[in-house]
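Single-structure report; data block below.
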Amino acid sequence: MEDDVSSLLDGLNTAQREAVAAPLTHVLILAGAGSGKTRVLVHRIAWLLQTGQALAPTILAVTFTNRAAGELRGRISELLGHTPSGLWSGTFHGIAHRLLRIHWREAQLPESFQILDSDDQLRAIRRLLKASGLDDKTYPPRQVQHFINQCKEQGNRAHQLSLAGANSWQIQVTELYASYEQMCQQSGLVDFAELLLRTYELLRDNEELRVHYQNRFRHILVDEFQDTNFLQYEWLKLIAGQHNYLFIVGDDDQSIYGWRGARIENIQSFPKQYQNVIMVRLEQNYRSTAMILKAANAIISRNEHRLGKELWTDGADGDPLFIYSAYNEEDEANFIISKIQAAGGAYQDNAILYRTSAQSRVIEEALIKAQMPYRIFGGMRFYERAEIKDALAFMRLVAHRDDDTAFERVINTPKRGIGERTVENIRVVARQQGLSMWQAVNGMIQNGVIKGRSLNSLVAFQKHIETLAEQRERLFLSQFVEFVVKESNLHAHYQKEGKEEAQRRIENLDELANAAVGFEDRAQEGLDPLTELLAHAALEAGTNQGSAGEDCVQLMTLHLAKGLEFKRVFLCGLEEGLFPHQNSLDEGNLEEERRLCYVGITRAREQLYLCHCETRYRYGQRDFSAPSRFLNEIPSELTDSVRLNTPKVKAHTGARDGFQLGDRVLHEKYGEGVIVDQEGQGEFTRVQVAFADQAKWLILSYARMERITAIKLSQR
DNA sequence: GAAAGCGTGTTTTTT
DNA sequence: ACACGCTTTC
């Protein structure tokens with residue numbers, strides 16, 4: 001036993017050991033990028049178990065994303081050689097969901113409550129707006145959605161909001177929030193924020209349950225703590241109570257989700273919030289070269305509000321960072337491609353990272369032209385696809401007839417002759433009588449309110465759902481999925497859309513049946529496979545990457561790159577206004593942009609290329625931007641530049657007025673030419689130069705840019 | 001009920 | 001420039 005335990009510390013560095021073997025008190029691990037954070041988390045859990053300080057059921061491990069949760073679970077099993085039973089690990093939402101499924105009665109939910117994803121939520125809000133007769137120009141659905149979610153994340157129910165001093169918009173939206181809450185309760189629907197809020201209230205208001213879980217979860221480990229929002233932190237505090245131990249892992253320098261409610265203060269003030277906090281910094285980096293780390297440190301050190309940390313490595317210095325000043329976005333893309341080709345090796349060792357997803361298009365086009373395989377991360381995910389959501393909506397109705405969002409989705413899809421008029425009538429009756437739409441239809445048929453073709457169609461629809469429900473009892477889940485798809489005529493429905501599209505949709509539906517197989521054995525644990533599948537679909541929308549497995553160049557936004565690493569990274573679009581993004585500058589969020597840059601830089605193991613364009617199309621207009629300030633924040637001894645050989649022309653401190661029409665210029669890329677046109681406005685001067693075979697617009701000066709792109713050879 | 005026209009916004013995205 | 005969502009039109 002002794003040996004087992006000490007072997008857990010073998011191969012860890014001093015700081016990691018200190019973290020893993022920390023005494024039982026609150027612990028804050030400031031884990032720099034690439035410093036072995038997951039390793040520490042996993043070893044800490046193993047340490048607690050193997051030293052006998054904790055039994056598995058007393059441990060709760062919380063992560064943010066399903067990816068992190070999966071990795072954590074996998075590595076715990078790997079390290080221990082088995083999966084500890086009774087240990088709870090998962091995402092905030094996953095764990096909240098689990099609690100609500102167990103305590104649905106105490107949480108005042110129907111046993112078969114369903115989860116509303118963001119898309120369902122938005123649709124529900126649209127319908128509510130319409131029902132309230134509100135103009136969706138004045139009350140944009142997305143804004144209303146944001147308002148509601150924000151309230152919930154602040155822990156506020158509609159009735160708790162103070163309307164003192166509120167304007168009419170706020171009053172109106174608060175009313176909408178109230179009717180949204182009522183609708184969800186009526187239909188037994190729970191959105192993402194509700195999962196957390198409902199669990200929070202459940203434990204807060206139910207002493208018996210609260211004490212039970214506080215006594216159970218002695219050890220609470222939290223990953224990516226810098227990403228927690230207000231409610232998530234309150235939720236943790238509630239479960240931790242006065243006597244349990246919080247083991248918090250995070251990195252304030254990698255907080256990049258402030259815009260969606262993450263509170264960097266949560267981690268920054270944690271040592272002040274609790275007494276007896278042991279703080280451990282993991283600063284030794286096992287990922288990147290010293291050059292890359294120095295650049296990362298230099299940039300992030302410009303941020304004022306940090307707990308402070310400096311990455312180091314005992315590895316090699318590595319190559320200098322390479323800065324490329326492209327002429328435009330196509331040049332930028334081609335440069336990246338040429339470097340990937342020159343480097344050779346696997347394509348998947350290369351990642352192209354950008355600030356905004358719009359930047360991917362030009363790069364994608366260049367990759368296609370170069371016939372280089374690539375994969376773009378982001379975009380539509382498996383369970384978000386229309387055909388999947390259609391099929392799932394039928395199943396949701398089977399599981400829970402009162403699910404109005406599912407009802408609305410499939411009441412006339414595929415077309416079954418139930419028009420908007422009829423659906424509206426159902427909505428009105430449901431609202432007036434406080435019923436779900438399914439119940440309303442029942443009543444309306446019995447009372448003979450509905451007649452003719454609508455009646456037949458509605459009866460057929462009811463029968464359809466009941467037929468599906470009967471089969472649910474008889475079939476394995478995967479067979480049931482196939483049955484639902486077939487019986488609901490979904491194939492024929494999509495076939496109308498054109499051949500290739502239909503083919504893809506049908507393949508996805510087959511894949512859904514495939515995925516269902518994985519839930520069939522849940523029945524042995526006393527769980528209902530269908531409920532499990534539906535929850536999974538909402539909580540884990542699936543991967544958003546295309547053809548996995550192939551050797552591809554990887555394209556993604558900087559945000560999506562967090563937590564990943566690549567041998568070679570291309571950071572592109574490093575331009576003022578794009579990165580840092582203008583909106584962030586306007587809102588005074590420069591520090592978060594800088595953290596994003598830090599995240600991007602620290603993704604690279606060996607080579608890092610930083611690109612900026614002198615000009616690019618933005619919003620349909622050619623735009624000229626100065627290089628990003630982040631480039632200037634990297635010490636020049638760490639960088640090489642393609643313009644390194646460009647002589648600086650002393651005579652032209654402001655090249656703006658040093659050039660005239662007719663001047664002969666030498667340009668490093670295009671050779672010799674003559675200035676034939678000139679325009680300059682504000683900070684910029686551009687000239688059109690006629691080269692041997694083409695004319696090019698070039699930038700001669702930026703207001704704050706020392707580098708010039710062309711030098712004057714002679715005057716004429 | 002589909003196609004065409006119009007107006008508008010356009011950072012980042014997980015659960 | 002371009003994509004979207006909504007309205008108009010046939």
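Quick note on labels: first sequence line is chain A, next is B, and so on, each numbered from 1. No experiment lies behind these values; they were computed from the predicted model shown.
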Spacing of A/Leu560 atom CG relative to B/dT12 atom C1', expressed in whole Å
9 Å

Base, sugar-phosphate, or nothing: which does A/Asn66 touch, judged by heavy atoms less than 4.0 Å apart?
sugar-phosphate

Tell me which nucleotide among B/dT14, B/dT11, B/dT15 gets nearest to the side chain of A/Thr91.
B/dT15

Separation of atom OH in A/Tyr354 from atom C1' in B/dT10, rounded to whole Å:
16 Å

Which nucleotide sits closest to the side chain of A/Tyr257: B/dT15, B/dT12, B/dT13?
B/dT13

Tell me the salt bridge (charged side-chain N to carboxylate O under 4.0 Å, His left out) pairs involving residues 225-234 of chain A, sequence neighbours left out?
A/Asp227-A/Lys562, A/Glu234-A/Lys237

Which of the following nucleotides, B/dT15, B/dT13, B/dT12, is nearest to the side chain of A/Phe192?
B/dT15

Please state how far atom CD in A/Gln145 lies from atom P in B/dT14, giving the value in whole angstrom units.
14 Å

Would you mind reporting whether A/Ile368 and A/Tyr374 have side-chain heavy atoms less than 4.5 Å apart?
yes

Report the residue (A/His559 or A/Lys415) whose heavy-atom-nearest nucleotide on DNA chain B is the more 5′ of the two.
A/Lys415

For A/Arg123, all residues meeting salt bridge (charged side-chain N to carboxylate O under 4.0 Å, His left out), sequence neighbours excluded:
A/Asp119

Counting only side-chain N and O atoms of A/Thr557, is one of them less than 4.0 Å from OP1 or OP2 of B/dT13?
yes

C1' atoms of B/dT12 and C/dG5, separation to the nearest Å:
22 Å

If you compare every side-chain N and O of A/Arg381 against the phosphate oxygens of B/dT15 (OP1, OP2), does one of them come in below 4.0 Å?
yes

Sequence neighbours left out, what passes salt bridge (charged side-chain N to carboxylate O under 4.0 Å, His left out) with A/Arg302? Give chain and number order.
none

Which listed nucleotide (B/dT11, B/dT15, B/dT12) is nearest to the side chain of A/Glu587?
B/dT11

Identify, with sequence neighbours excluded, every residue that meets ring-ring contact (aromatic ring centres under 6.0 Å, His included) alongside A/Phe566.
none

When rounded to whole Å, the CG to P distance for the pair A/Asn229 and B/dT13 reads 18 Å

Who are the ring-ring contact (aromatic ring centres under 6.0 Å, His included) partners of A/His559, not counting sequence neighbours?
A/Tyr257, A/Trp259

Could you pull out all residues at least two apart from A/Lys389 that satisfy side chain to side chain donor-acceptor pair (under 3.5 Å)?
A/Asp117, A/Asp120

Closest to side chain of A/His581, choosing from B/dT15, B/dT13, B/dT11
B/dT11

What residues from residues 107-118 of chain A pass a heavy-atom cutoff of under 4.0 Å to DNA chain B?
A/Ser118

With sequence neighbours left out, the residues meeting salt bridge (charged side-chain N to carboxylate O under 4.0 Å, His left out) with A/Glu181 are A/Arg157

Determine, for nucleotides 1-10 of chain C in 5'-to-3' order, which nucleotides have protein heavy atoms under 4.0 Å from the base (write B), from only the sugar-phosphate (write S), or from neither (write -).
BS---S----

For A/Phe382 and B/dT15, give me the distance from atom CZ to atom P, rounded to whole Å.
16 Å

Note, A/Leu202 side chain near A/His103 side chain (heavy atom, < 4.5 Å)
yes

Would you mind reporting whether A/Ile363 and A/Cys572 have side-chain heavy atoms less than 4.5 Å apart?
yes

Euclidean distance, atom NE2 of residue A/His93 to atom P of B/dT13 [Å, nearest integer]
17 Å

Between P on B/dT12 and CD on A/Glu591, what's the gap in Å once rounded to a whole number?
22 Å

Can you tell me how far C1' in C/dA3 sits from the matching atom in B/dT14, rounded to whole Å?
24 Å

For the pair made of CD in A/Glu384 and C1' in B/dT15, what is the distance, rounded to whole Å?
11 Å

